[in-house]
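In this text, all values refer to a predicted model and were calculated from it rather than measured experimentally.
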Amino acid sequence: MLIFYDAISRRASAGIFLFRKKERGKRMSKVFLCAMLLAMSVIFSGGAEAAAREKALVVVSFGTTFKETRELDVEGVEKALAAAFPDREFRRAFTSKIVMKRLWDNDGIKVDDLEAVLAKLLKEGYKDILIQPTHLTPGEEIANKVLPAVAKFQGKFARMAVGKPLLTDGRDFPLAARALEASLPALDKNEVVVFMGHGSPNRPNPAYKSLQDSFDKLGVPAVIGVVEETDHPNYEDMLAVLQGRKVQSVLLLPLMLVAGDHANNDMAGEEEDSWANLLKKEGYNVRHELKGIGRLAAIQDIYVLHALEALNS
């Protein structure tokens with residue numbers, strides 16, 4: 001277009017408005033070429049946009065109403081996954097109805113569940129969907145909320161791949177144990193880390209024992225317990241291990257994606273039955289840190305790995 005514009009400018013300044021047929025043909029061919037190039041660029045850019053709109057990444061989390069940990073931990077994993085799959089439209093979903101309601105009622109923040117997100121993507125014409133849960137284990141939330149939502153849309157998209165939770169296969173446990181070990185602060189003599197996990201209320205969750213075995217093999221001074229009393233290792237199981245190891249001091253850390261309600265209340269709260277106060281009554285020196293594991297780059301890498309494997313399976 002610049003060539004055509006310059007030619008017209010030069011001719012106008014010289015007062016020449018009639019050209020020989022040959023010259024006019026040359027210049028018209030340049031105009032035609034420029035027009036074709038412009039049209040092709042529009043077509044190809046539109047095609048690229050259409051191709052991008054065919055692919056989506058849905059990161060589904062339990063969710064939290066705690067702003068800081070939502071931004072550092074949930075969004076930490078989301079951003080890592082979005083960066084790993086830049087050709088996919090990013091969408092967020094939560095599985096906790098209570099969290100979603102409280103976020104809307106108290107903060108005006110709208111987050112859809114997985115089924116609603118998938119319905120919107122289908123309506124918008126997306127065809128290739130990658131779903132990556134940020135849940136730690138394939139427990140109740142995966143079984144009762146993620147997989148049923150996926151089943152409702154089976155066959156409606158050209159492809160729908162679902163990544164595994166953080167702690168699923170045998171390889172995941174040493175990877176997570178090393179990632180968590182690298183994140184630990186300096187420990188005092190005779191101090192042990194107590195990780196509080198959630199546990200599964202519907203059935204025993206073997207993932208916590210497998211992670212504990214990995215800690216033990218690596219020599220990490222860490223003991224795992226879970227909030228759910230019906231699952232194991234529960235508080236009593238964890239306390240028995242501490243007593244057997246002659247521990248004097250304890251550092252409480254969440255073994256959860258976020259440092260939300262369980263971490264702030266069940267683990268480190270002021271209530272008499274919080275783990276911090278129960279352990280103090282047992283005679284332990286207790287400190288805590290309220291940091292979810294979703295902010296750890298090495299943990300984020302495991303989620304990315306699972307998403308990649310889902311696409312390649």
If you look at every heavy atom in [X] and [Y], which pair is closest and at what distance?
X: Asp73; Y: Gly292; value: OD1-O, 3.1 Å
X: Ala149; Y: Leu118; value: O-CD1, 4.0 Å
X: Leu121; Y: Phe157; value: C-CE2, 4.1 Å
X: Ser200; Y: Gly139; value: OG-CA, 4.1 Å
X: Pro185; Y: Leu251; value: CG-CD2, 3.6 Å
X: Ala161; Y: Leu311; value: CB-CD2, 4.1 Å

Between [X] and [Y], is there a side-chain N and carboxylate O pair less than 4.0 Å apart?
X: Arg88; Y: Asp128; value: yes
X: Glu78; Y: Arg92; value: yes
X: Asp105; Y: Lys110; value: no
X: Arg287; Y: Glu191; value: yes
X: Lys55; Y: Glu89; value: no
X: Lys209; Y: Asp213; value: yes
X: Lys67; Y: Glu71; value: yes

Is [X] atom [atom1] crowded by more than 12 heavy atoms from other residues, nucleotides or ligands, each under 6.0 Å away?
X: Lys145; atom1: NZ; answer: yes
X: Lys123; atom1: NZ; answer: no
X: Glu271; atom1: CD; answer: yes
X: Ile109; atom1: CD1; answer: yes

Practice item. Name the orientation class of the two ring planes belonging to Phe215 and Phe195 (parallel below 30°, tilted from 30 to 60°, perpendicular beyond 60°). Key: parallel
Point to revise | Side chains of Thr137 and Asn205, donor plus acceptor under 3.5 Å | key: yes
Answer whether the closest heavy-atom distance between the side chains of [X] and [Y] falls below 4.5 Å.
X: Trp275; Y: His288; value: no
X: Pro165; Y: Ile142; value: yes
X: Val59; Y: Tyr303; value: no
X: Leu252; Y: Met267; value: yes

Practice item. Determine, stepwise, if the pair Asp172 / His306 fulfils side chain to side chain contact (heavy atoms under 4.5 Å, CB included). Key: CA-CA 10 Å; Asp172 297 335; His306 286 187; 2.9 Å; yes
Review point. What side chain to side chain donor-acceptor pair (under 3.5 Å) pairs are there with at least one residue in residues 231-243, not counting sequence neighbours?
Key: His232-Asp237
Check your understanding: Partners of Glu309 by salt bridge (Lys or Arg N to Asp or Glu O under 4.0 Å), sequence neighbours excluded?
Key -> Arg171
Check your understanding: Does the gap between the ring centers of Phe90 and Phe85 come in under 6.0 Å?
Key -> no
Check your understanding: Would a hydrophobic clustering, with Ile, Leu, Val, Met, Phe, Trp and Tyr connected at side-chain separations under 4.5 Å, put Tyr208 with Leu175?
Key -> yes
Exercise for review: Taking Asp113 for its side chain and Lys97 for its backbone only, find out whether a donor-acceptor pair lies under 3.5 Å.
Suggested key: no
